[in-house]
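Before any comments, here is the structure.
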Amino acid sequence: MFKDTKKLIGTDTLIGQGTVVEGNILTEANLRIEGEFHGEITTKGDIIVGEFGVAQADINCVTLTIAGQVQGNVTVSGRLIITPSGQLNGNALVHSIIVQEGGAFNGECQMNTAIKSELSTIPKSQEDKQDKHDKQEKAKARQAG
């Protein structure tokens, strides 16, 4: 009658204006920062730093939109958007980047299409095993051939 399987629905998280948060955030939901955050953020969702938001943090997310200030290194598997009022002071590893006129980016940027599919990549040890197996199969085919 009742199903035991329950699907968790991610709830967006808001750090409101006038709020200061310190620590680490690990979430699967989206996050919006209108206040201040100090620490580290990792999410499978999107992050928006509002016009009055300040994040002194290392950030790892899918899409990052900066309308306020971010001080720290960011890893974005999708798109990094810096709006006209946005500032990023730190390094960025991104799939794609948009810096709108008036936006500021001070740091190094590396664009890497591989981070888009980072979760689906084979771990290095598995990759090595597959390469070794492929070489062995080719050697056997040559000997038989």
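Not measured: the values here are computed from a predicted model.
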Practice task
Quick one: do Asn112 and Leu93 satisfy side-chain contact (heavy atoms from CB on, under 4.5 Å)? Show the steps, please.
Solution key: CA-CA 7 Å; Asn112 186 350; Leu93 174 60; 3.8 Å; yes
Give me the atom names and distance for the closest heavy-atom approach of [X] to [Y].
X      : Y     : answer
Gln100 : Ile81 : NE2-CG2, 4.3 Å
Val49  : Val54 : CG1-N, 4.3 Å
Leu88  : Ala92 : CD2-CB, 4.3 Å
Val74  : Leu80 : CG2-CD2, 4.5 Å

Nearest-0.5 Å distance that lies between atom [atom1] in [X] and atom [atom2] in [Y]:
X     : Y      : atom1 : atom2 : answer
Thr27 : Asp12  : OG1   : CG    : 9.0 Å
Leu14 : Asn30  : CG    : CG    : 12.0 Å
Ile25 : Cys61  : CD1   : SG    : 12.0 Å
Ile97 : Cys109 : CD1   : SG    : 4.0 Å
Leu26 : Thr42  : CG    : OG1   : 6.0 Å
Arg79 : His95  : CZ    : NE2   : 8.5 Å

Is there a continuous path of hydrophobic side-chain contacts, each under 4.5 Å between heavy atoms, that joins [X] to [Y]?
X      : Y      : result
Phe105 : Ile48  : no
Val76  : Met111 : yes
Phe52  : Ile47  : no

Can you give each donor-acceptor pair under 3.5 Å made by side-chain atoms of residues 32-39, sequence neighbours left out, with the distance rounded to 0.1 Å?
residue: Arg32; atom: NE; partner: Glu34; partner atom: OE2; Å: 2.6
residue: Arg32; atom: NH2; partner: Glu34; partner atom: OE2; Å: 2.9
residue: Glu36; atom: OE1; partner: His38; partner atom: NE2; Å: 2.8
residue: His38; atom: ND1; partner: Gln56; partner atom: OE1; Å: 3.0

Handout entry: side-chain contact (heavy atoms from CB on, under 4.5 Å) against Thr13, all qualifying residues, sequence neighbours excluded
Key =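 With sequence neighbours excluded, Thr13 shows a side-chain contact (heavy atoms from CB on, under 4.5 Å) to Leu31, given in chain and number order.
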Handout entry: Pairs meeting criterion side chain to side chain donor-acceptor pair (under 3.5 Å) with involvement of residues 64-73, two or more places apart
Key =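 Matches after skipping sequence neighbours: none remain.
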Practice task
Give a yes or no answer on whether the side chain of Thr83 reaches the backbone of Ile66 with a donor-acceptor pair at less than 3.5 Å.
Solution key: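 Checked: pair present.
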Practice task
Kindly say whether Gly72 contributes a backbone atom to a donor-acceptor pair with the side chain of Asp58 at under 3.5 angstrom?
Solution key: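 Not at all, since once roles are kept as given, no pair shorter than 3.5 Å links the two residues.
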